[in-house]
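Note sheet for the following structure.
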Amino acid sequence: SQTIHQWPATLVQPVGSPLSLECTVEGTSNPNLYWYRQAAGRGLQLLFYSVGIGQISSEVPQNLSASRPQDRQFILSSKKLLLSDSGFYLCVLGQGYSGANVLTFGAGSRLTVL
Amino acid sequence: GENVEQHPSTLSVQEGDSAVIKCTYSDSASNYFPWYKQELGKGPQLIIDIRSNVGEKKDQRIAVTLNKTAKHFSLHITETQPEDSAVYFCAASPNNNYGGSQGNLIFGKGTKLSVKP
């Protein structure tokens, strides 16, 4: 079965500091990977998706970037955090089953920017 | 593009009662409709899904119905228990392809369900 490892689980960072959230998946090859953000009390916002190594697409303009250096590794970064970057970040694995994209969410990383 | 509306945003029921959450979608080409449950501090977990060739699907106390003509689908939880308390998200997949943007799910804004003992 597939497993999603996401870390750190919680992070408190000052405004202007850098960010690196890491995600690795096991039990699958060539997965579709996503980063979602969930602001407090709000819905799920798609930030980035990747269909393969080095292939990153962004859904919204923002202060963040993503990279996929290896097939099963997905990284979310920022050079300088803003207060508005606070939120719950979710690494997500997408797999196709009978023509549908079934998403499996990681446990999440809670980022607080002060 | 696809747009998913979810209602209500909050729902409070007594233990043992039923709970119903409704979603509508706009893209008639959507063919996959999952429901996710998110407990406090955790990532959403898939609890049930339905494809467009099926009108209803049941798994123990939860069921999902789909009306493609009206473009709406609903989650039904019977005999609710306190552990059903969570935020529930519906979603729709806008086309048959998976992977990348084409296969991305469009989520509703969530329903916070509270089951009172």
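To find a chain, count down the sequence lines: A is the first, B the second, and so on, and within it residues start at 1.
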- Query: Same hydrophobic cluster for Leu111(A) and Trp7(A), using side-chain heavy-atom links shorter than 4.5 Å among ILVMFWY?
  - Reply: no
- Message: Looking at chain A, which one of Lys112(B), Gln6(B), Lys42(B) has the largest number of heavy-atom pairs inside 4.5 Å, strictly under?
- Response: Lys42(B)
- Does NZ belonging to Lys68(B) count more than 12 external heavy atoms closer than 6.0 Å? yes
- Item | Portion of Gln45(B) that has a non-hydrogen atom of chain A nearer than 4.5 angstrom | side chain
- If Ile, Leu, Val, Met, Phe, Trp and Tyr residues are connected whenever their side-chain heavy atoms lie under 4.5 Å apart, and connections chain through other members, are Ile75(A) and Ile56(A) in the same group? no
- Crowding at CG, Leu114(A) (>12 non-hydrogen neighbours, <6.0 Å): yes
- Name the member of Ala107(A), Ser57(A), Gly108(A) that forms the most heavy-atom pairs with chain B at distances under 4.5 Å. Ala107(A)
- Nearest heavy-atom approach of Tyr36(A) to Leu105(B) is OH-O, 3.9 Å
- Crowding at CD, Glu79(B) (>12 non-hydrogen neighbours, <6.0 Å): no
- Heavy-atom neighbours of Gln60(B) CD exceed 12 at 6.0 Å: no
- Let me know if Pro44(B) has heavy atoms under 4.5 Å from chain A in its side chain, its backbone, both or neither. both
- Would you check if the side chain of Tyr36(B) reaches a backbone N or O of Leu103(A) as a donor-acceptor pair within less than 3.5 Å? yes
- For Phe107(B) against Leu44(A), the heavy-atom pair lying closest together: CD2-CD1, 3.6 Å
